[in-house]
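Throughout, protein chains are lettered first and strands after them, A, B, ... in sequence-line order, and every chain is numbered starting at 1. Being a predicted model, the structure only gives us computed values, none of them experimental.
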Number of protein chains: 2
Amino acid sequence: MTREDNRSRPATDRVGTICRALRRAIIEQALEPGAKLPEDALGERFGVSRTIARHALGQLAAEGLVELRRNRIAVVATPSWQVARDAFDIRIELERLVVRQLAGRLTKAQIAELHAHVDAEDEARNGPDAISIRLATEFHILLASMTESPILIRYVSEIAYRCCLTLSLFSRPHSSECAINEHRLLIDALAKGDAEAVMALMHHHLDSVASRALVAQTRPRGRDIMDILAPYAEPPRAARAKAVG
Amino acid sequence: MTREDNRSRPATDRVGTICRALRRAIIEQALEPGAKLPEDALGERFGVSRTIARHALGQLAAEGLVELRRNRIAVVATPSWQVARDAFDIRIELERLVVRQLAGRLTKAQIAELHAHVDAEDEARNGPDAISIRLATEFHILLASMTESPILIRYVSEIAYRCCLTLSLFSRPHSSECAINEHRLLIDALAKGDAEAVMALMHHHLDSVASRALVAQTRPRGRDIMDILAPYAEPPRAARAKAVG
DNA sequence: GGCATGTAAAGTGCATACAGTTTAACCTCT
DNA sequence: AGAGGTTAAACTGTATGCACTTTACATGCC
């Protein structure tokens, strides 16, 4: 049905295609955290062999969107609250860097592009949550891409996707109105060119997004029984183990 | 000859092993930027099939240590000056975050571990450059790993390796003495616990490492003819294309 | 009914085979 | 000898096959 058109791009790299598709499906919650991603199924779906599907999964795992355990089916990542908190902390620093580099340096065309994007966010406001979350995320990626610093672009994209995944996991009905307004404020401040001001603005923006979503260890919505029951299980008197990746 | 012992670890993941080996070879300049990495050769060297070697290369490419172009042999990455500059900028922010989280929170054991590492750096001071660069890099990674924030650890490691690669490319004889001293100062400041102070220290440290290495567009040492000749070629009147990754 | 156990199905880990592409060698013609 | 073209070798891209592991199910025992 939605078979990727192989001829659209001559020698196109198919693992990239699959990655993009999965990335999008994940952040739109078409694939919820914990969802299984068997290589066979992916391969069939995209009309490639397991080899390619597997490679794509490896890529996504490196980005933190997918969890890969030996001999087990790959699943969409389920970030813990702590990891989510860390991610936002790092994200704040990275995006401060983005706007610092961008302040006062945007062309008219770029500013228009940003405004257009926010307009799109506005229109999607009443649509499904997943879409507006995705658009909000893509706003930040768009911003990052304007730095033309490949590393920064990659890091911001990656961590923004992860935060996006987190938002879909933890957040309540999700009030995006204020976020959209904050995006507009950011654009204006960028145009005006006061680096310090726009850095502060970005800091505040991300901070409030994070706290709207992560208010005091909201337990993730449903999904894995062990996780839900974790807070009810008696901790065996020892300090909780420091399990990291 | 040095065939990896398959039985040493029962089900160990071999692509990880290869990644570690290559990473180390790269940052020690056993493999110089531009060096070819054919899948066959790697496979044979590590006693695995191309499948595995290829996967490892994909991983390394995602980390920016290897360049992968379609249908071409993978090569060790040759970061441009601009990318190197960007990398250091980002690194500074990330490592400021590291020490902010660590200031005043290190255990005695951890402090001892850090000191021990710097001692090792000291001993290697008169050895080959590559080794002391590697040790200096690993100091920062060790620091990051103490945050126990998986994301931060990954990002700092990754970017530190990339910077390390850059250093080996651009830097002159490399004066590591001062860097070592700065490491000691950092440890002391961390122990003392003044977050602001230690952030400033880290900032200054990385800044001076970067500028020692990257003073005004030092052209990379040798290697690729096209690169060397680039500044001598008449730019064809048009603004130079903005080629990014 | 509940629990253990064995067995088939599903899935991953990895090597290998083959097709297509790039690179290098060689050969020819001037 | 040098330029250009032609063929072989070297590699990569991808599919497929087989062995091993995990998971799900059904069967049997209590």
Distance check needed: [N] [atom2] versus [X] [atom1], whole Å only.
| X | N | atom1 | atom2 | result |
| --- | --- | --- | --- | --- |
| B/Leu42 | D/dA10 | CG | P | 17 Å |
| A/Asn71 | C/dA10 | CG | P | 18 Å |
| B/Arg54 | C/dT16 | CZ | P | 16 Å |
| A/Leu57 | C/dG13 | CG | P | 10 Å |
| A/Ile52 | D/dT16 | CD1 | P | 11 Å |
| B/His55 | D/dT14 | NE2 | P | 14 Å |
| B/Asp40 | C/dT23 | CG | C1' | 14 Å |
| A/Ile73 | C/dA10 | CD1 | C1' | 7 Å |

Do [X] and [Y] make a side-chain contact, defined as non-hydrogen atoms from C-beta onward lying under 4.5 Å apart?
| X | Y | result |
| --- | --- | --- |
| B/Glu95 | B/Val156 | yes |
| B/Gln82 | B/Asp86 | yes |
| B/Gln110 | B/Leu102 | no |
| A/Leu94 | B/Glu93 | no |

For the side-chain contact (heavy atoms from CB on, under 4.5 Å) test, which of A/Leu65, A/Leu37, A/Val15 pairs with A/Leu57?
->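 The single option meeting the side-chain contact (heavy atoms from CB on, under 4.5 Å) with A/Leu57 is A/Leu37.
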Are any of [X]'s side-chain N or O atoms less than 4.0 Å away from OP1 or OP2 of [N]?
| X | N | value |
| --- | --- | --- |
| A/Ser49 | D/dA15 | yes |
| A/Arg50 | D/dA15 | no |
| B/Arg14 | C/dC14 | yes |
| A/Arg70 | C/dC14 | yes |

B/Lys36 or B/Thr51: which one's nearest nucleotide on DNA chain C is closer to the 5' end?
->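 Final value for this comparison: B/Thr51.
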Under 4.0 Å between any heavy atoms, over every strand shown, what does B/Arg72 touch: base, sugar-phosphate, or nothing? Just pick one.
->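 Contact class for B/Arg72: sugar-phosphate only.
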